Amino acid sequence: MSSRNNRTTISTGAPWELTVGYCRAVRVGPHVSVSGTAPVGADGEVVGVGDAYAQACRCIEIIEGALKEAGASLEDVVRTRMFVTDISQWEAIGKAHGEAFGSIRPATSMVEVRALIDPDMLVEIEADAIVTE
C-alpha cells in the first residue's frame with residue numbers, strides 16, 4: 001500500500017500491475033475503486049476452472065481483501081460490474097454476487113464479453129465503494 005496526496009493505492013504485487021500500469025484498488029478520500037478482479041489464486045493460477053460460481057466467489061473474496069486493506073468493506077460497496085464470457089452462466093454468477101451483496105444491494109451490471117485475459121476465466125468483477133465513517 002502506498003499513499004500520495006490523499007490517494008492510497010493497494011497493490012497485489014502481480015507482475016502485470018507494473019506492465020499495464022494499474023493497481024488492485026485506489027482510495028481517494030471516502031471513495032474506493034477496485035480494479036477488474038479475476039478468479040486467480042495465490043499461486044497465480046485460475047481458480048474454479050469451468051465453474052462460474054466458484055470463480056465469482058473468488059473474485060468477490062479478492063475484492064473484499066482489497067477493500068479491507070483500503071479501510072472499507074463489502075458493506076461500503078455502491079456499484080459492481082460483472083464481465084462474463086458466457087451470459088448463460090448468469091444464474092451461477094448472480095448467486096455468488098447475491099450471497100455477498102444481497103443485503104447491501106449495490107447498483108450493478110452484468111455484461112457478456114468475448115473473452116477475458118485467460119481463456120479459463122469466466123468472470124471478472126470490479127467494485128466501487130464509499131466509506132461513510
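Nothing here was measured: the structure is a model prediction, and the numbers come from that model.
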A.B. asks: Hey, is the main chain of Pro106 close enough, under 3.5 Å, to the side chain of Arg79 for a donor-acceptor pair?
C.D. replies: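 No: the side chain of Arg79 does not pair with the backbone of Pro106.
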A.B. asks: Provide the closest heavy-atom pair for Thr12 versus Glu17 in the form atom of the first, atom of the second, distance.
C.D. replies: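 In terms of heavy atoms, the two residues are closest at OG1-OE2, 2.6 Å.
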A.B. asks: Using a 4.5 Å cut-off on heavy atoms from C-beta on, say whether the side chain of Phe83 contacts that of Glu126.
C.D. replies: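 Contact flag for Glu126/Phe83 side chains = yes.
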A.B. asks: Does any non-hydrogen side-chain atom of Arg81 lie less than 4.5 Å from one of Val111?
C.D. replies: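 No. Closest side-chain heavy atoms not under 4.5 Å.
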A.B. asks: Between the side chain of Arg27 and the main-chain N/O of Gly29, is any donor-acceptor distance below 3.5 Å?
C.D. replies: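 The answer is yes, because a donor-acceptor pair under 3.5 Å joins these two groups.
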A.B. asks: Heavy atoms, side chains only, cut-off 4.5 Å: are Asp76 and Leu67 in contact?
C.D. replies: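 Result no, sub-4.5 Å side-chain heavy-atom pair not found.
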A.B. asks: Return yes if some donor-acceptor pair links the side-chain N/O of Thr9 with the main-chain N/O of Val26 below 3.5 Å, else return no.
C.D. replies: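 No; zero donor-acceptor contacts below 3.5 Å.
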A.B. asks: For residues Val131 and Ala72, report the shortest heavy-atom separation together with the two atoms involved.
C.D. replies: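 Heavy atoms only, the tightest pair is CG2-CB, 3.5 Å.
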A.B. asks: Is any side-chain heavy atom of Asp86 less than 4.5 Å from a side-chain heavy atom of Leu122?
C.D. replies: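 When only atoms from C-beta onward are counted, Leu122 and Asp86 do not touch, as no gap falls below 4.5 Å.
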A.B. asks: On a heavy-atom basis, which atom in Ile10 and which in Ala66 lie closest, and how many Å separate them?
C.D. replies: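 Of all heavy-atom pairs spanning Ile10 and Ala66, the closest is CG1-O, 4.4 Å.
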A.B. asks: Is a donor on one side and an acceptor on the other found under 3.5 Å between the side chain of Thr37 and the backbone of Ser35?
C.D. replies: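 Between the backbone of Ser35 and the side chain of Thr37 there is a qualifying donor-acceptor contact (under 3.5 Å).
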A.B. asks: Evaluate whether atom CD1 of Ile117 has more than 12 neighbouring non-hydrogen atoms of other residues, nucleotides or ligands under 6.0 angstrom away.
C.D. replies: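 Check fails, neighbour count at 12 or below.
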A.B. asks: Could you report the tightest heavy-atom contact between Gly41 and Val47, atom names first, then the distance?
C.D. replies: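 Gly41 and Val47 have their closest heavy atoms at N-CG2, 3.4 Å.
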A.B. asks: Got a donor-acceptor contact below 3.5 angstrom from the Gln55 side chain to the Val46 backbone?
C.D. replies: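 No; judged by distance alone, with no hydrogens or angles, the pair does not exist.
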A.B. asks: Hey, are the side chains of Arg24 and Val34 touching, using non-hydrogen atoms and a 4.5 Å cut-off?
C.D. replies: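 The answer is yes, as the side chains (C-beta and beyond) meet within the 4.5 Å cut-off.
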A.B. asks: Using atom types as modelled and distance alone, determine if a side-chain donor or acceptor of Thr108 lies under 3.5 Å from a backbone N or O of Thr80.
C.D. replies: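 Between the backbone of Thr80 and the side chain of Thr108 there is a qualifying donor-acceptor contact (under 3.5 Å).
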A.B. asks: Determine the minimum heavy-atom distance between Asp120 and Asp118, stating which atoms define it.
C.D. replies: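 What the structure gives for the nearest pair is N-OD1, 2.7 Å.
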A.B. asks: Are the side chains of Met121 and Cys59 in touch, meaning some heavy atoms are under 4.5 Å apart?
C.D. replies: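 They are not in contact (no side-chain heavy atoms under 4.5 Å apart), so the answer is no.
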A.B. asks: Does the side chain of Met110 come within less than 4.5 Å of Ile87's, by heavy atoms?
C.D. replies: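 Ile87 vs Met110: side chains touch.
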A.B. asks: Sort out for me which residue in Glu91, Lys95, Glu99 forms a side chain to side chain donor-acceptor pair (under 3.5 Å) with Tyr53.
C.D. replies: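 Testing Tyr53 for a side chain to side chain donor-acceptor pair (under 3.5 Å) against Glu91, Lys95, Glu99 leaves exactly one candidate, Glu99.
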A.B. asks: Would you name the heavy atoms of Ala56 and Ile125 that are closest together and state the gap between them?
C.D. replies: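 Reported closest heavy-atom pair: O-CD1, 4.0 Å.
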